[in-house]
Engineer: 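Below is a structure I'd like to ask you about.
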Amino acid sequence: MQWLVSQSKVFMADRSLAQYVRTGDSVPSTTAAAVTAGNVAWAKFAKTKIMSSGSWDRRAYIYALSVLAKDERDKFLGPLSKNSGLTLLDKWVIAWVSKGCPAAPRPSGNPFLE
């Protein structure tokens, strides 16, 4: 539920829902809320947690860096991507965040109507 709430600016504008997400123990949901809000301070905090976290949390912290200015983000992600302690998926997330988190291409047309 936290994940759903954290993805919406409308939901995050509600104080009680925002508090629900921020006080939860889900790093991916908290990260999504920080990205939704454009919380640069939280993204800078996330930089310190990347290498000391488990895989899901590590990728969430990497995603949090998407709110940083491009030059700051690239300066941090470049050396990080060369770290041998990262998995291939971690490196893919780094590349995706470096490109500005582009949306996946959507197929044209509606396959259910064809």
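Only heavy atoms go into these numbers, but all of them, side chains included; no hydrogens, no water, no symmetry mates.
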Engineer: Which residues pass the salt bridge (Lys or Arg N to Asp or Glu O under 4.0 Å) test with Asp90, sequence neighbours left out?
Structural biologist: Arg58, Arg59

Engineer: Between Tyr63 and Val5, is there shared hydrophobic-cluster membership here, with clusters defined by ILVMFWY side-chain heavy atoms closer than 4.5 Å?
Structural biologist: no

Engineer: Listed by chain and number, what are the side-chain hydrogen bond (donor to acceptor under 3.5 Å, both in side chains) partners of Ser66, not counting sequence neighbours?
Structural biologist: none

Engineer: Start with the C-alpha gap between Phe11 and Val21, add the side-chain angles, then the distance that decides, and say whether side chain to side chain contact (heavy atoms under 4.5 Å, CB included) holds.
Structural biologist: CA-CA 10 Å; Phe11 289 152; Val21 172; over 6 Å; no

Engineer: Is the distance from the ring center of Trp56 to that of Tyr61 below 6.0 Å?
Structural biologist: no

Engineer: Decide whether a cation-pi geometry holds between Lys47 and Phe76; the criteria are a distance under 6.0 Å from NZ or CZ to the six-membered ring centre and an angle within 45° of the ring axis.
Structural biologist: yes

Engineer: Consider only side-chain heavy atoms of I, L, V, M, F, W and Y, link residues closer than 4.5 Å, and tell whether Met12 and Val35 are in one cluster.
Structural biologist: no

Engineer: To the closest 0.5 Å, what do you measure between CD1 (Ile62) and CG (Leu80)?
Structural biologist: 5.5 Å

Engineer: List the atom pairs, donor and acceptor, that lie under 3.5 Å between side-chain atoms in residues 93-104 and the rest of the protein, sequence neighbours left out.
Structural biologist:
unit_1, atom_1, unit_2, atom_2, d
Trp96, NE1, Pro102, O, 3.0
Ser98, OG, Ile94, O, 2.9

Engineer: Verify the cluster assignment for Trp42 and Leu77: are they in a single hydrophobic cluster under the rule of side-chain heavy atoms below 4.5 Å apart?
Structural biologist: yes

Engineer: Please answer: with hydrophobic residues joined when any side-chain heavy atoms are less than 4.5 Å apart, are Val27 and Leu86 in the same cluster?
Structural biologist: yes

Engineer: Using only atom types and a distance under 3.5 Å, with no angle test, would you say the side chain of Ser81 pairs donor to acceptor with the backbone of Lys91?
Structural biologist: no

Engineer: Report the residues that fulfil salt bridge (Lys or Arg N to Asp or Glu O under 4.0 Å) with Asp14, sequence neighbours left out, ordered by chain and then residue number.
Structural biologist: none

Engineer: Salt bridge (Lys or Arg N to Asp or Glu O under 4.0 Å) with Lys82: which residues, sequence neighbours excluded?
Structural biologist: none

Engineer: I'd like to check the salt bridge (Lys or Arg N to Asp or Glu O under 4.0 Å) partners of Arg73; sequence neighbours left out, ordered by chain and number.
Structural biologist: none

Engineer: Are the side chain of Thr48 and the backbone of Phe45 linked by a donor-acceptor contact shorter than 3.5 Å?
Structural biologist: yes

